[in-house]
2 protein chains.
Amino acid sequence: MREEPLHRYIADELRRQILDEHLVPGYQLPSEHELAQAFGASRGTVRQALNQLRGEGAIAARRGARWVVLAAPLVQSFSELLSFSAWARAEGHEPGGTEVELSRRRATQHDAETLNIAAGESIYRLLRVRTLSETPVMIERTTFIEPIGRLLVDLDLDSESIYEQLGDHGIVFARARHTIDAIPATAEDARLLDIPRRTPLLRQRRASTSQTGQPLEWSDDRYRGDVVAFVIDNTAMSGNLERLLAAEEDAESGESKLS
Amino acid sequence: MREEPLHRYIADELRRQILDEHLVPGYQLPSEHELAQAFGASRGTVRQALNQLRGEGAIAARRGARWVVLAAPLVQSFSELLSFSAWARAEGHEPGGTEVELSRRRATQHDAETLNIAAGESIYRLLRVRTLSETPVMIERTTFIEPIGRLLVDLDLDSESIYEQLGDHGIVFARARHTIDAIPATAEDARLLDIPRRTPLLRQRRASTSQTGQPLEWSDDRYRGDVVAFVIDNTAMSGNLERLLAAEEDAESGESKLS
DNA sequence: CAGTGGTCTAGACCACGTG
DNA sequence: ACGTGGTCTAGACCACTGA
């Protein structure tokens, strides 16, 4: 019945067995040849599935030896990554949001550079406080390019995921680059999250683009550091985490510099 | 002359062109057929290279249309990720370290669970303060399993990367899971980093395993939040970032809970 | 509708590990 | 020595994009 690529079916099946702990860390998988026969696929197709799981950090291979189970893979949903709502529901919480402000403005120099437009062009800025089970845990300050911002006006910004709703309009987010650091809560942050000033916040700055490389939005999200953490898997062959010196890009807030 | 897989040569070549900005975001790559001819490879080999670059967030594809350049990929060296020294040098800084303490202890309950050993077994704990150009920027509290810890005693822990030195002994780190959050500096943190108490720190807790899934170490690294940030790329097809609620695992430090 | 990427096959040779 | 994963080829069909 299913209209699904065979390599994905194989990957899903193996992932399910790992998550169900039928395959525990250290376990050796059957050889690619055996898997190919078992699934009625060619070896190339089996390898496509295995490489997918390797990218998720679930398994590893060494030449000459069989594939080995490393650990349960992360959930790995791209939508859960952009969307607070989708993530919260997957965690079993009731997501909420309070639209504090949606305004049309002219792009600052920073907006222009990040969104690849000219300074002074129209952009939309959205400020929301997101809640989990009534408790505010995150402040979201997002800047959208004009065509997307115009759509936002007609959307329900209070509770629904805007990314799901934008998807219905054919707006697809394909890629995002995240910069994560720790900063003290400003006076406004403290007021919105109902916490003391200078409480450590986990800040995630994000720039998202479409499938064709067109910048769609950038966002400055600040989480209560005592409630939310980020988890990243990476392996020797794949993974995309990098440390970075907090650069001079932030001339706005007086940052302390090295030497 | 070169003893290198063809698909890696192709990936390196295309990545170099993107980094050199010969290929700018939005640019359409030649078709897979054309690339195959240009590099004297089969289409399958070219696709292997393109999929590598897709995993790095550098390019994206849509059925029916050509591959599109998205952005410059991250450096993506696994060793730079584990190793403060390797990272610092790549950033053009002089890494330094002060070994504050290396001790042999009995595994706590948490050690035992993380390293998959029995509580009470021998482990080694290393505390280091790492510096960039003489300025302390990070505190590293690492716990190693006994066989690795024993090697540490003979290593130069003051300035060299222990991971590079362990590699010479055949100890290979293959996979790591990172949990990143923000916490206030404790009194000891503040003293070691020479900063005020409760300054926001970027905490990275890491668990590393070998190629066969054997846990090798876990670490609690705390960075000055105003100096170091983490950067992550992720795409709809690949990427491994996940938000997580700070769970009850940390019963040690009194964390505030949600409802 | 011509060209593109996505999927899949059947085979081949090699370098490496484990017994 | 044998089996394993890593690499590579040549060809096929399909779904989709874009002119």
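Keep in mind that the numbers below use all heavy atoms, side chains included, and drop hydrogens, waters and symmetry copies.
Place B/E34 and A/Q48 on DNA chain C by their nearest nucleotides, and B/E34 ends up nearer the 5' end.
Per the geometry, NE2 belonging to A/H33 stands 17 Å off P belonging to D/dG6, to the nearest Å. For the pair B/Q52 CD and D/dC8 P, the interatomic distance rounds to 13 Å; values are reported in whole Å. Rounded to an integer number of Å, the gap from CD of A/E32 to C1' of D/dG3 is 12 Å. The separation between B/Q37 atom CD and C/dG3 atom P is 13 Å, rounded to whole Å. At whole-Å resolution of the value, CD in A/E4 and C1' in D/dA15 are 16 Å apart. For the pair A/R66 CZ and D/dG6 P, the computed distance is 14 Å after rounding to whole Å. Look at CD on B/Q28: it is 14 Å from P on D/dT17, rounded to the nearest Å. Spacing between atom CG of B/L35 and atom P of C/dT4 amounts to 11 Å, rounded to whole angstrom units.
Taking a cutoff of 4.0 Å between a charged side-chain nitrogen and a carboxylate oxygen, A/E140 and A/R130 qualify as a salt bridge.
Centroid-to-centroid, the aromatic rings of B/W87 and B/H93 stay 6.0 Å apart or farther.
Atom-to-atom distance recorded for A/L29:CG and A/E34:CD is 10.0 Å, nearest 0.5 angstrom. Atom-to-atom distance recorded for A/R104:CZ and A/R150:CZ is 8.0 Å, nearest 0.5 angstrom.
At a threshold of 4.0 angstrom between heavy atoms, the contacts of B/H7 are confined to the sugar-phosphate backbone, with no base atom among them.
Side-chain nitrogen and oxygen atoms of A/S31 include none within less than 4.0 Å of the OP1 or OP2 phosphate oxygen of D/dG3. Checking the phosphate oxygens (OP1, OP2) of C/dG5, no side-chain nitrogen or oxygen of B/R54 falls inside 4.0 Å.
The aromatic rings of B/F173 and B/Y163 stand perpendicular to each other, their planes meeting at an angle above 60°, with 30° marking the opposite boundary.
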Self-check item: Per-nucleotide protein contact string for nucleotides 9-19 of chain C (B base, S sugar-phosphate only, - none; heavy atom under 4.0 Å)
Solution: B--B--BBSS-
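Between the side chains of B/Q52 and B/E56, at least one donor-acceptor pair of N or O atoms lies under 3.5 Å.
Listed nucleotides D/dT4, D/dT7, C/dG5 differ in distance to A/R47; the shortest reach to its side chain belongs to D/dT7.
Under the rule for a ring-ring contact (aromatic ring centres under 6.0 Å, His included), B/F39 has no partner lying at least two apart in sequence or in another chain.
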